[in-house]
2 protein chains.
Amino acid sequence: MTTKKIKNMEEFAAVSGISRPTLSKFFNDPVSVRASTKARIEAALERYDFKPNLYAMNQNRRLTKNIGIIVPHLADPFFAKIARTIEDHIQVMGYRPVLLGSQGRPELEVQNLENLRSLKPAGILFAPLGRASNRGPIEAFCKEVPTLLFDANLEGVGEGFIGSNNDQSVGLIVDYLCRTGEPPAFFEMKSPSNPNAYKRRAAYLKAMGQLGHQPHLIQAIGDGWEFEEIGFREGMRVVADKTLPTDTILCSNDRLAIGFLSAAFESGRRIGLGPDCSMRVAGHDDHPFSRFTCPTLTTISQDYEAIAKKSAETLLTRVEAESPVDSREEVLFDGRLVMRHSA
Amino acid sequence: MTTKKIKNMEEFAAVSGISRPTLSKFFNDPVSVRASTKARIEAALERYDFKPNLYAMNQNRRLTKNIGIIVPHLADPFFAKIARTIEDHIQVMGYRPVLLGSQGRPELEVQNLENLRSLKPAGILFAPLGRASNRGPIEAFCKEVPTLLFDANLEGVGEGFIGSNNDQSVGLIVDYLCRTGEPPAFFEMKSPSNPNAYKRRAAYLKAMGQLGHQPHLIQAIGDGWEFEEIGFREGMRVVADKTLPTDTILCSNDRLAIGFLSAAFESGRRIGLGPDCSMRVAGHDDHPFSRFTCPTLTTISQDYEAIAKKSAETLLTRVEAESPVDSREEVLFDGRLVMRHSA
DNA sequence: ATTAAAAATTTACGCGCGTAAAGTATTTTG
DNA sequence: CAAAATACTTTACGCGCGTAAATTTTTAAT
C-alpha cells in the first residue's frame, strides 16, 4: 500500500525490478512472458498501481487492441442489447471495445468508420444500415481493416457475416400461425432499409407457398427508423380495412408490431387468442419490449448471445491469425418461437 | 485530386507551405490562426487529405478535446436518447464525445471513470447510478477531472448538476390528475436506486398535502433496473387489490408505468378516461415508448434537448475557463404535461 | 552436468506531435 | 509612414512507449 506515484514505465521498471522492454511485452499480452515474471509484475502492480499511457502505447504499435463496434441505432433497444453483449465478450477476450451508433444516417456511418480508423483498430464488428449504406467507402475501409458484419449483410463485404436465419425463423412462425388459425398476411415496409426485411419477405412468400396458401403483403410507406410510428400509422389503416383476406398479421419486426398493436388498441380492436379477439399479430426479434406489449407479443427470438459470441470469436480469430484468411465466412443462427398472447 | 499519401504533419507542412508548429496550432484549435492562414490550410487539406495521428496528438497535450459521457444504462431508451443528444452538442462545439454505459453496475461505473481517465479527457458528463454509486472513487475522480452531473445528482460532487425539476413536474401532474378525477396514489419502488425517485416521492407527498388530499404510496419491492418487470409484477397485485383508496395511479417513472399497463391489460382491467375504464395511470419522463403503450401514456415530458444543451455548455464553459470556478452550479428544468389517453 | 533453447536485459533508436524560444514577416495602430 | 503588436517560421527538445539487435541469464532437455 505504498502507492507511490509512478510516472511512466521506466519508473515502474525501476521499482519492480523488471526491464522496460519486458514490461512492454507484458502489457501488450500478459501471457507472452514467463509465468514467474508475470507473477512478479502483477505483484508489483498491486503495490504501485501503474497504467501505461494509452496514447504512447498505441502510437507506434502496428496494431492496437481496439475493436470497433458500430450499430445502426443505439437508441434501439435491440441494438443496444446486442452491442452490450458483444462488448462483454470483446472485453473478456482482452480487447478494448469502442461502441458507436450511426443514428440511422449513412454519412454518420461512414464518419464512424473514419473515426475508428484513427484508433488503428485491430478489427471492427459492424452492423450496417443496409440498403441505405454507402457501399463505396465501406468496401474501401474493409480492405484495410478486418471487418466482420453482423445482423445485416452486405454481400461480399468484409471478413464475413454473422446473423440469423430468416428463412428458418420466418418459416417457423408462419407454420405456427397456420397451424393455429388463419394463414398470416405479412406486414412490412414497402422500402425497408434493412436487408433482413427483404430476406423475411422472401421467406414469408416461400413458406406460404410450401403450405399451399395464398400470400398477402401489406406494405407501409415511410422512411427512416421510426418503425413504431410507421407501424402505428399503417396499422390504423389496416385494422379498419374490411377487405383483408385474413385475421392474422405477421410483422416483419417487433417494432412495427409494437406500433401496430398500439393502433389496434386505439381502434378498439381486440388482438389475441381469446374468443373476444378478432385478430392475431406476431412479430420477429423478441425485442426487449415485446414482453410488455398489450397483449404480449408472440414473436421469434433471435439468439442474441450466440450471435454476439460468434461475432466476437470469429473476428478475433481472424485478427490474431498470422496469415490473412481470404474466405468469407457466413454463419446464420436459427430463431426460436416465443409464444405469448398476441397470436 | 492529387491525393498524394501524406504520412505525417511534417510532410503536410512541406506540401502546404505552412510550418509544422502553425499546423499543430491549427489542428488544436482552427480559429487560433489568422483567417488567411486557416483558409490556406483548409485548401491544402482538400487536396491532400491528412489527419493528424490521434495518439501522437494527445500524448503530450496537457488536455485533450475528449469529453466522456457516462450514463447508467445504454439499453434504456431514455438514456440512449439523452446521450445521443449530448453527443451531438459536444461534437458541434469541437470536442470528441466518448460514450460509455454502466449497465446498472457500480463497479462498472467506477471502471468507466478509470478508463476515461487514461483518455486524459477535458471533462466528463456523468449521469450516476445514484444511491448504488460508489461515492468514494467518484469524488476522488471529480477532484482531478472536471465533471458535471446530469439526470441524477450526488450532493456536493462535481462541478454541478443539470436535471429536471421534480418538484414542479410532479406537482403539475398531481394537480392535473386531481382536477380531472380522483387524487392519485403513487406507485414506486420501495428502495429506488435513482435519487430522482426520492425527489418525486417527496414532491408527490408535498403536492397532495397542498391540495388537501391524503397521500397513498404503493411501493414495489425489487432491485435492479428491470423496471418494466417490477412494474408488471407489482401491477398485477395492485389491479387485483380491492382496498385501494383511489382509481388513479401515478407512477414514479414511465418504465414502471409500462409494466403496470401491461399487467392491467393482462388482468382485463381497462385503463384510461373512457366510461368503460375503471382506472387511470400516469407516468413521468415521456419515455420514447410511452406514445405506443396501450393506452398511450399520459406523462411528464422532460426537456431532453434543454438538459443536453445546458449540460454540454456548462461543462465546456468550465473546461475552457482559465481559472477553475469553485462554485457548484445547479440548474433544473421544468417538465411539461403530456396528455394522452391513460389519464 | 552439459548443452541447446527460451526468456530477460541492455542499449539504442524512432514514432508523430506538443511546445518553448528566438528570430522574421505581416498586420494593425496612431 | 513608423512603431507596436500580432502571427508565423526555424530550431530544438521531449513525451512515453514500441521495437530491434546484441548480450546475458534462466530454463528445459539430453
Side-chain angles (χ1 to χ4, degrees), chain A residues 4-45 48-66 94 96 117-122 322, chain B residues 4-45 48-66 94 96 117-122 322:
Chain A
K4 188 191 151 194
K5 199 72 180 175
I6 303 290
K7 218 181 59 214
N8 54 30
M9 204 180 274
E10 192 100 40
E11 280 189 25
F12 185 64
V15 299
S16 65
I18 310 276
S19 73
R20 195 174 67 68
T22 302
L23 288 176
S24 176
K25 234 181 142 220
F26 168 84
F27 284 114
N28 191 356
D29 180 9
V31 298
S32 68
V33 301
R34 198 151 49 204
S36 60
T37 313
K38 178 164 175 281
R40 283 174 62 203
I41 297 175
E42 279 164 352
L45 229 33
Y48 291 103
D49 163 55
F50 160 74
K51 282 175 88 172
N53 180 308
L54 188 78
Y55 293 107
M57 251 177 91
N58 288 328
Q59 173 172 14
N60 302 322
R61 226 210 275 287
R62 316 187 194 302
L63 224 52
T64 67
K65 293 265 178 184
N66 298 330
R96 191 170 189 288
R117 191 206 299 276
S118 63
L119 294 180
K120 295 189 198 172
E322 48 291 309
Chain B
K4 188 190 149 194
K5 199 71 181 177
I6 303 290
K7 216 182 58 212
N8 55 28
M9 204 180 275
E10 193 100 38
E11 280 189 25
F12 185 65
V15 299
S16 65
I18 309 277
S19 74
R20 196 174 65 70
T22 303
L23 287 176
S24 177
K25 238 184 138 213
F26 168 85
F27 284 114
N28 191 356
D29 180 7
V31 299
S32 68
V33 301
R34 204 184 300 155
S36 59
T37 312
K38 179 164 176 281
R40 282 173 62 202
I41 297 175
E42 280 165 350
L45 229 32
Y48 291 102
D49 163 55
F50 160 73
K51 281 176 88 172
N53 179 307
L54 188 79
Y55 293 106
M57 251 178 92
N58 288 328
Q59 173 173 12
N60 303 320
R61 230 210 271 287
R62 315 188 194 300
L63 224 53
T64 68
K65 292 265 177 183
N66 298 330
R96 192 170 189 289
R117 191 207 299 276
S118 63
L119 294 180
K120 295 191 196 171
E322 48 292 306

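To find a chain, count down the sequence lines: A is the first, B the second, and so on, and within it residues start at 1. The analysis underlying the following values was restricted to heavy atoms, covering all of them including side chains, and did not include hydrogens, waters or symmetry mates.
OP1 and OP2 of C:dT10 both lie 4.0 Å or more from every side-chain N or O belonging to A:S19. OP1 or OP2 of D:dC8 sits under 4.0 Å from a side-chain N or O of B:T37.
Qualifying salt bridge (Lys or Arg N to Asp or Glu O under 4.0 Å) partners for A:R34, counting only residues two or more places apart in sequence or in other chains: none.
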Which atoms of nucleotides 16-23 of chain C (N or O only) lie under 3.5 Å from a protein N or O atom, and what are those distances?
{"unit_1": "C:dG16", "atom_1": "O4'", "unit_2": "A:Q59", "atom_2": "NE2", "d": "3.2"}
{"unit_1": "C:dG16", "atom_1": "N2", "unit_2": "B:Q59", "atom_2": "OE1", "d": "3.3"}
{"unit_1": "C:dG16", "atom_1": "N2", "unit_2": "B:N60", "atom_2": "ND2", "d": "3.3"}
{"unit_1": "C:dG16", "atom_1": "N3", "unit_2": "A:Q59", "atom_2": "NE2", "d": "3.0"}
{"unit_1": "C:dC17", "atom_1": "OP1", "unit_2": "B:N53", "atom_2": "N", "d": "2.9"}
{"unit_1": "C:dC17", "atom_1": "OP2", "unit_2": "B:M9", "atom_2": "N", "d": "2.4"}
{"unit_1": "C:dG18", "atom_1": "OP2", "unit_2": "B:S24", "atom_2": "OG", "d": "2.3"}
{"unit_1": "C:dG18", "atom_1": "N7", "unit_2": "B:R20", "atom_2": "NH1", "d": "3.4"}
{"unit_1": "C:dG18", "atom_1": "O6", "unit_2": "B:R20", "atom_2": "NH2", "d": "2.9"}
{"unit_1": "C:dA20", "atom_1": "OP1", "unit_2": "B:R62", "atom_2": "NH2", "d": "2.4"}

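At a threshold of 4.5 Å between non-hydrogen side-chain atoms, the residues A:F12 and A:L45 count as touching. In this structure, A:R40 and A:I18 have side chains that are in contact, with non-hydrogen atoms separated by less than 4.5 Å. For the pair B:L119/A:L54, a side-chain contact is recorded, criterion being any heavy-atom separation below 4.5 Å from C-beta on. Between A:R96 and A:T64 the shortest side-chain heavy-atom distance does not fall below 4.5 Å.
Between A:F26 atom CZ and C:dA7 atom P there is a gap of 16 Å when expressed in whole angstrom units. Separating the CD1 atom of B:I18 from the P atom of C:dA25 is a distance of 16 Å, rounded to the nearest angstrom.
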Subject >> Heavy-atom protein contacts under 4.0 Å, nucleotides 22-30 of chain D, coded B base, S sugar-phosphate only, - none >> reply: -----S---
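When atom types are taken as modelled, the side chain of A:K25 and the backbone of A:S32 share a donor-acceptor pair closer than 3.5 angstrom.
Rounded to the nearest 0.5 angstrom, A:K65 NZ and A:D29 CG are separated by 5.0 Å.
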Original post:
Step by step, would you call A:F27 with A:K51 a side chain to side chain contact (heavy atoms under 4.5 Å, CB included)?
Top reply: CA-CA 9 Å; A:F27 284 114; A:K51 282 175 88 172; over 6 Å; no
